[in-house]
2 protein chains.
Amino acid sequence: MFNFAPRNAKMNQSAEEKIRNAALRVFIQKGSSNCTSREIAREAGMNVALVNYYFRSKSKLFAIIFESVMQDFLKSMVQVFSSELPIREKIRILIEREFEFLGQHPDIPNFVLNELARNPQAIEGFIPVLNMVNESGVFDEAKKLQALGEMRQMDIVQITILIMSNCQYPFMAQPLMKVIHGVSNETYKEHLIAHKTHAVNMVIGYLFPNDN
Amino acid sequence: MFNFAPRNAKMNQSAEEKIRNAALRVFIQKGSSNCTSREIAREAGMNVALVNYYFRSKSKLFAIIFESVMQDFLKSMVQVFSSELPIREKIRILIEREFEFLGQHPDIPNFVLNELARNPQAIEGFIPVLNMVNESGVFDEAKKLQALGEMRQMDIVQITILIMSNCQYPFMAQPLMKVIHGVSNETYKEHLIAHKTHAVNMVIGYLFPNDN
DNA sequence: ACTTGTTTTAAACAACTGTTTAATATTTGT
DNA sequence: ACAAATATTAAACAGTTGTTTAAAACAAGT
C-alpha cells in the first residue's frame with residue numbers, strides 16, 4: 001500500500017520516502033512528462049541530485065510510482081471479484097469500494113488512462129494481476145447465470161465497461177461537470193455520494209432484469 | 001468545424017493549414033506539454049520558425065486548437081438538447097450521436113479531460129456555449145416530467161454524469177480494457193458498437209422506470 | 001527589370017532539461 | 001576517537017526547449 005499522505009503528514013520520513021511521496025503527488029497532478037526532476041525535488045524539500053541518487057533516473061522513479069498506483073487502482077477490483085459472495089453482491093460491493101477508493105484518490109483514473117493512452121505497453125507488466133480476475137471464476141459464474149436467464153445476455157467485456165464507466169467517469173469529469181452546472185467543489189462531492197446509489201441500482205437493475 | 005484529415009489528405013493546403021492540422025494531431029496524441037514545436041513542424045513538413053510566424057507562440061497555437069476541439073466536443077450535445085423532440089428521444093439521439101462522434105474521434109475525451117484536470121480555468125471561455133444547454137429548457141422540461149412522476153427523481157447534474165459516463169468512458173478506457181480482456185482493436189470496436197445499445201436502453205430504462 | 005510585401009529558411013539565443021561529478025557533511029561501526 | 005560508509009550539496013555537463021533574428025526565396029504589381 002502506497003503512502004498518499006500530504007507533504008507535512010509525517011516529519012520522520014526518510015529522504016527516500018519524501019522523494020517517493022513528492023513524486024507520487026507531482027506525477028499524478030502533472031503527468032509523467034509534464035513535470036521536472038527539480039520540481040519533484042523541490043516538492044520533497046531536497047536537492048535535485050538526490051532524486052537520481054535514490055532512484056537512478058526520472059523514468060525509473062516514474063516506473064516505481066506508476067507500478068504502485070496501478071496496484072492500488074486494480075486491487076479493490078480484484079479483491080471483490082475474488083470473494084465468495086453471490087455475483088449481485090460482488091457487483092454491488094465492487095461499485096461501492098470503487099467509489100470509496102476514488103473518493104480518496106479522484107485523480108488516479110485520469111492519470112492511469114492518460115499514461116496508458118500515450119504508452120499502451122506500460123500496462124503489460126500488470127497482466128498477472130489482471131489474470132487473477134479471470135482465475136477467480138467470476139466470468140464463468142456470470143456466464144452460468146446468463147445461461148439460466150437470470151442475468152442479461154451480454155459480453156463480459158461490456159459488463160466491465162458498464163461498471164467501470166459509472167464508477168470512474170464521475171470522478172474524471174469533475175472539472176468539466178462543475179463548470180457545466182456551475183456547482184462548487186462541495187456540492188459536486190455530495191452529487192458523487194448520491195451518484196453511488198444510482199450507479200449500483202442502475203447497473204444491477206440492468207444486469208438482472210428479472211429481479212423486481 | 002475542424003479539419004481532422006490525416007497528413008496526406010489534401011495536397012493543396014496552405015502552410016498555415018498544414019501546421020494547424022499537424023498541431024491538432026500532435027496535441028491530441030501527446031497533450032499540450034508533452035510535445036515540442038519542432039515535432040509539430042516536422043509533422044507538418046515545415047520549418048520550426050513557421051509555427052511561430054503564423055501563430056506567434058506554441059501556447060497561442062494550442063489555445064486555438066483546444067478551442068476548436070472543445071467546439072466539436074460540445075456541439076452535438078448542445079444541438080440535440082436544443083431540439084424540439086420529446087425528452088426520451090433527445091436522450092436517445094444524444095447518446096447515439098455521442099457514440100458516432102467518439103467513434104471518429106476516440107481520443108478527444110481523454111485529451112479534453114486531461115487538459116482540464118491540469119488547467120481547470122481553461123474551460124471558462126466555453127461557458128457561453130454551455131449556457132445554451134441551460135437556455136434550451138431541457139432541464140426545465142426534465143423537472144416537469146419529474147414532478148409528474150414520469151421521470152426518476154434525481155438531480156440534473158447526476159443525469160448529465162449518467163449519460164456522459166456511459167458514452168465517453170468506453171472510448172477513454174480502450175487501452176485498459178483491451179489488455180484486461182485480451183481483445184484486439186477490431187474486437188473492441190465491435191464491443192463499442194454493441195455497447196451503444198446497452199447505454200441507450202440502460203440509461204433510458206433507469207431514467208423512465210414506468211416505461212417497461 | 002525593379003520595387004514591394006510576403007513567405008521560408010538556417011542559425012543563433014537564453015532558459016531549462018535529465019544526469020553526473022566531485023567535494024562536503026553526516027552517520028555508523030569499532 | 002577515528003575510519004569507512006553513506007547522505008547531501010553546489011556546480012557543471014551536454015542536449016533540448018520555445019523563441020527570435022537576419023538573410024534568402026518567392027510572388028505580385030508597376
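Below, chains carry the letters A, B, ... as their sequence lines are ordered, and counting in each starts from 1.
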- Task: Using atom CZ of Arg38(A) as one end and atom C1' of dA10(D) as the other, report the distance to the nearest whole Å.
- Result: 11 Å

- Overall bend of the helix from dA1(C)-dT30(D) to dT30(C)-dA1(D) (five pairs an end, 10° steps) is 10°

- Query: Do Glu67(A) and Gln71(A) have side-chain atoms, one donor and one acceptor, less than 3.5 Å apart?
  - Reply: yes

- Message: Enumerate the salt bridge (Lys or Arg N to Asp or Glu O under 4.0 Å) contacts for residues 116-142 of chain A, please, sequence neighbours excluded, ordered by first and then second residue.
- Response: Lys90(A)-Glu141(A)

- Message: Can you list everything that forms a ring pair (Phe, Tyr, Trp, His ring centres under 6.0 Å) with Phe139(A)? Sequence neighbours excluded, please.
- Response: His181(B)

- Task: Select base, sugar-phosphate, or nothing to describe what Val51(B) touches, counting heavy atoms under 4.0 Å on all strands.
- Result: nothing

- Return the set of residues passing side-chain hydrogen bond (donor to acceptor under 3.5 Å, both in side chains) with Ser83(B) (not counting sequence neighbours), or none when no residue passes. none

- For Arg152(B), the salt bridge (Lys or Arg N to Asp or Glu O under 4.0 Å) test, sequence neighbours excluded, returns none

Nucleotides 21-29 of chain D: which of its N/O atoms have a protein N/O under 3.5 Å away?
none

- Query: Who are the side-chain hydrogen bond (donor to acceptor under 3.5 Å, both in side chains) partners of Asn47(B), not counting sequence neighbours?
  - Reply: none

- Task: Could you pull out all residues at least two apart from Tyr54(A) that satisfy ring pair (Phe, Tyr, Trp, His ring centres under 6.0 Å)?
- Result: none

- Query: Starting at NZ of Lys58(B) and ending at P of dG18(D), how long is that distance when rounded to a whole Å?
  - Reply: 4 Å

- Item | Nucleotide dT20(C), atom C1' - distance to NZ of Lys60(A) in whole Å | 14 Å

- Task: With heavy atoms under 4.0 Å as the rule, sort Ser59(A) into base, sugar-phosphate or nothing.
- Result: nothing

- According to a strict under-4.0 Å criterion, is Ser37(B) in side-chain N/O contact with OP1 or OP2 of dG18(D)? yes

- Message: Checking Glu16(B) now: which residues fulfil side-chain hydrogen bond (donor to acceptor under 3.5 Å, both in side chains) with it, not counting sequence neighbours?
- Response: none

- Query: With sequence neighbours excluded, what pairs up with Phe171(B) under the ring pair (Phe, Tyr, Trp, His ring centres under 6.0 Å) test?
  - Reply: Phe99(B)

Identify the pairs formed between an N or O of the protein and an N or O of nucleotides 5-8 of chain D at a distance under 3.5 Å, and give each distance.
| residue | atom | partner | partner atom | Å |
| --- | --- | --- | --- | --- |
| dA7(D) | OP2 | Tyr53(A) | OH | 3.0 |
| dT8(D) | OP2 | Tyr54(A) | OH | 2.7 |

Below 3.5 Å, can you tabulate the donor-acceptor pairs from side chains in residues 194-204 of chain A to any protein atom, sequence neighbours excluded?
| residue | atom | partner | partner atom | Å |
| --- | --- | --- | --- | --- |
| His198(A) | ND1 | Tyr206(B) | OH | 2.8 |
| His198(A) | NE2 | Gln158(B) | OE1 | 3.2 |
| Asn201(A) | ND2 | Thr197(A) | O | 3.4 |

